[in-house]
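First the structure, in the form of structure tokens, and then the observations on it.
Each residue takes its place number in the sequence, starting with 1.
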Amino acid sequence: MGYVRLASPRIAPGIGILVREPGAAVDTPMKSVPLEIRAASAAYRDKRMWLQRLAPPDQLGRMVLASNRSYERATILVLQPELDVKTAMVRTDESSYHYEANGKSDDGGSR
């Protein structure tokens, strides 16, 4: 199985950024994404492509919260294409990382 991982093509993951506004019940996409967060997201995507789960998006989550002090929560979604070694098909592994304005965070679990 180790060889399959090394021999698999590297496909960049998709990155999603959701935020929770004051008084909102659910997280929604950021209305406008600042350029520095776009650049940080692209840099994280490249890092995640190689390090996979060894690279959580903690810095990106903190940047999103710092970009607007009214955000109560930031959620970073990572959609990682994976080669299923049993079927030889590409599937998508989704992980979500939650960052609270009060400093608490969730380490990210797969769905």
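- Interatomic distance, CG of Asn102 versus CG of Leu65, reported as 9.5 Å (0.5 Å rounding).
- If you take CD1 on Ile15 and CG on Leu60, they are separated by 7.5 Å, rounding to the nearest 0.5 Å.
- The line from CG of Asp93 to CG of Leu79 is 9.0 Å long, rounded to the nearest 0.5 Å.
- Linking ILVMFWY residues whenever their side-chain heavy atoms come closer than 4.5 Å, directly or via other members, places Tyr97 and Met30 in the same cluster.
- Every residue two or more places apart in sequence or in another chain that forms a side chain to side chain contact (heavy atoms under 4.5 Å, CB included) with Ile11 is listed here: Pro81.
- Nearest heavy-atom pair across Leu18 and Pro29 is CD2-N, 3.5 Å.
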- [ ] Please assess Ile37 against Ser67 for the test side chain to side chain contact (heavy atoms under 4.5 Å, CB included), listing each intermediate value before the final yes or no.
- [x] CA-CA 8 Å; Ile37 292 178; Ser67 71; 3.6 Å; yes
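- Cluster membership check: Val78 shares its hydrophobic cluster with Val33, using side-chain heavy-atom separations under 4.5 Å among Ile, Leu, Val, Met, Phe, Trp and Tyr.
- Counting only residues at least two apart or on different chains, no salt bridge (Lys or Arg N to Asp or Glu O under 4.0 Å) pair has a member in residues 29-43.
- The two atoms that bring Met63 and Ala40 nearest to each other are SD-CB, 3.5 Å, heavy atoms only.
- Evaluation of the side chain to side chain contact (heavy atoms under 4.5 Å, CB included) rule for Asn68 yields Ser70, Tyr71 as partners, not counting sequence neighbours.
- The two residues Leu77 and Ser96 come nearest to each other via the heavy atoms CD2-CB, 3.5 Å.
- Of the possible polar contacts, one joining the Tyr44 side chain to the Ala55 backbone as a donor-acceptor pair under 3.5 Å is found.
- Salt bridge Glu100/Arg73: present, at least one basic N to carboxylate O contact under 4.0 Å.
- Here Thr28 contributes atom OG1 and Glu21 contributes atom CD; the two are 5.5 Å apart, rounded to the nearest 0.5 Å.
- Side-chain atoms of Met89 and Glu82, non-hydrogen and from C-beta on, never get closer than 4.5 Å to each other.
- Under the side chain to side chain contact (heavy atoms under 4.5 Å, CB included) criterion, Ser32 pairs with no residue, sequence neighbours left out.
- Within the 4.5 Å cutoff, the side chain of Ile17 has heavy atoms near those of the Ile76 side chain.
- Qualifying side chain to side chain contact (heavy atoms under 4.5 Å, CB included) partners for Arg62, counting only residues two or more places apart in sequence or in other chains: Asp58, Gln59.
- The salt bridge (Lys or Arg N to Asp or Glu O under 4.0 Å) contacts involving residues 40-52 comprise nothing, where partners must be two or more places apart or lie in separate chains.
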